[in-house]
Number of protein chains: 2
Amino acid sequence: MTYCLALRLEAGLLFMSDTRTNAGVDNVGTYRKLHVLQPTSDRTFVLQAAGSLATTHEVLDRIQHDLESGSDRPNLANVTRLYEAALYVGELNRQVAAAHAEALKSVGADGTATFILGGQIEGTDPDIMLVYPEGNFIRASETVPFLQIGEHKYGKFLLELAVRFHVDLERASKIAIGSMLSTARANLSVGPPYDIAVYLNDTFDVHQRRIEADHPYLDELRNVWAEQMVEAIYALPAIPDQLRQELV
Amino acid sequence: MTYCLALRLEAGLLFMSDTRTNAGVDNVGTYRKLHVLQPTSDRTFVLQAAGSLATTHEVLDRIQHDLESGSDRPNLANVTRLYEAALYVGELNRQVAAAHAEALKSVGADGTATFILGGQIEGTDPDIMLVYPEGNFIRASETVPFLQIGEHKYGKFLLELAVRFHVDLERASKIAIGSMLSTARANLSVGPPYDIAVYLNDTFDVHQRRIEADHPYLDELRNVWAEQMVEAIYALPAIPDQLRQELV
């Protein structure tokens with residue numbers, strides 16, 4: 001499995017992905033799932049992928065091929081809106097999955113992939129979008145502006161907190177790392193190293209960094225979080241007398 | 001969907017279940033999923049169910065029928081070990097699902113159910129067990145003695161905290177309620193009222209209580225928890241300078 005998240009904040013966009021891949025528990029690998037694409041100086045894209053690794057790789061190769069072939073067909077260098085980029089990625093995704101569907105079905109496998117596409121094209125607002133295997137897409141909502149793909153359930157509550165309290169990019173980065181660590185602890189199919197990318201509005205330049213499994217900050221964050229959780233548990237209000245008497 | 005959890009603590013057992021059922025979003029109901037069974041004075045069982053509501057109901061009816069018919073075949077009044085009770089429930093579950101499998105398959109439905117069976121038979125230790133649709137079962141592990149069925153991912157981290165810090169029954173009750181509230185907030189298919197049951201070792205008597213959606217304690221707990229989460233976020237350690245400079 002996989003866990004990728006993206007947040008749309010006031011100052012910019014934040015992306016984080018794990019790198020664990022597995023085809024059965026005895027075939028575990030490490031692959032980048034967060035890709036930065038800057039085909040021209042007036043646009044920046046971050047593409048995150050969950051699902052079939054083979055499909056993801058072929059989609060990335062075809063994106064690159066289209067950029068290099070310089071044709072007039074839609075590609076990431078000539079679309080003028082982010083939604084067109086999402087539709088373009090969705091169409092490639094559909095084509096690649098369809099090309100392998102029959103062969104994969106015969107062995108009971110599924111070649112579909114899901115993407116988060118985020119970024120900005122000059123003259124338009126930065127945004128994040130979720131591209132479905134069927135080729136269509138949704139934007140992040142106005143009230144809860146984050147997206148997740150892959151193992152999204154374990155780490156969702158932390159992202160909701162981040163959004164609810166209008167945190168800045170730095171605090172959001174801590175929360176994103178916390179959401180990733182919670183998920184990785186609960187689910188073996190999600191694991192380090194972690195890729196994190198930050199896009200500040202109107203800069204057309206993405207800062208990215210890989211955080212290795214042994215980075216001391218991960219341990220520090222984990223420990224502080226555990227301490228805070230214990231405090232939270234002890235702070236919970238007493239069960240009302242009547243309810244307690246009925247129960248114990 | 002459903003969310004049921006059970007904890008095995010030093011002093012006894014704790015069970016909690018939601019009551020929401022749905023067959024599509026336009027067909028939402030409220031049904032008890034936590035059932036206390038005390039067929040004789042030397043034994044107490046709590047049975048929690050997830051999956052097909054029809055299968056659950058027929059299993060419960062057949063349990064009752066077997067108790068009333070007074071035959072020598074295994075039933076909850078004559079088994080001598082908890083694992084035999086689990087196998088008995090598992091066998092009924094399999095039989096009921098199999099009886100309806102063909103008709104359900106023809107409309108694309110699935111009649112399987114999963115149970116948590118907990119309790120104590122005199123002369124043996126109290127325990128909790130998860131009974132699979134296939135009729136086999138597992139006990140809760142020694143190191144992480146809780147079980148969940150249904151929508152288990154959202155609320156898992158809270159139960160892990162409870163277990164990790166060896167909380168008592170009262171604190172465990174708060175945590176169980178917290179785990180339920182987290183799940184219900186994240187997933188519409190889980191909702192109030194909530195049934196909670198507590199079993200103190202060697203008492204052969206279960207205390208149970210339904211907590212309604214408008215119980216003021218739920219609001220209080222939710223608010224304190226939200227405050228604690230904000231404090232936790234603010235307490236997270238600063239991102240190391242080097243990492244921050246690379247990112248923003």
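Letters A, B, ... mirror the listed sequences (proteins, then strands); counts begin at 1. Every value quoted in this text rests on a predicted model; they were computed, and no experiment measured them.
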Leading residue by heavy atom contact count with chain A [cutoff under 4.5 Å; candidates [options]]:
| options | value |
| --- | --- |
| B:L158, B:I175, B:L14 | B:I175 |
| B:S182, B:A197, B:A238 | B:A238 |
| B:A235, B:G178, B:A11 | B:A235 |

Proximity breakdown for [X] and chain B, heavy-atom pairs closer than 4.5 Å:
| X | answer |
| --- | --- |
| A:E220 | both |
| A:R171 | side chain |
| A:I196 | both |
| A:K174 | both |

- Are B:T183 and B:E151 close enough that a side-chain donor and a side-chain acceptor fall under 3.5 Å?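 B:T183 vs B:E151: no donor-acceptor pair found between side chains.
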- Task: Please tell me if the side chains of B:I177 and B:L218 come closer than 4.5 Å, counting only heavy atoms from C-beta onward.
- Result: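 They are in contact (side-chain heavy atoms under 4.5 Å apart), so the answer is yes.
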- Task: List the atom of A:S179, the atom of A:L5, and the distance in Å for their closest heavy-atom pair.
- Result: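 Taking every non-hydrogen atom into account, OG-CD2, 4.1 Å.
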- Message: Please check: side-chain N/O of B:D195 versus main-chain N/O of B:R32, any donor-acceptor pairing under 3.5 Å?
- Response: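 The answer is no, because no donor-acceptor pair under 3.5 Å joins these two groups.
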- Quick one: sort the A:W225 and A:F157 rings into parallel, tilted or perpendicular, breaks at 30° and 60°.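 A:W225 and A:F157: tilted rings.
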- Between atom OH of B:Y199 and atom CZ of B:F15, what is the distance when rounded to the nearest 0.5 Å?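 B:Y199 OH to B:F15 CZ: 9.5 Å, rounded to 0.5 Å.
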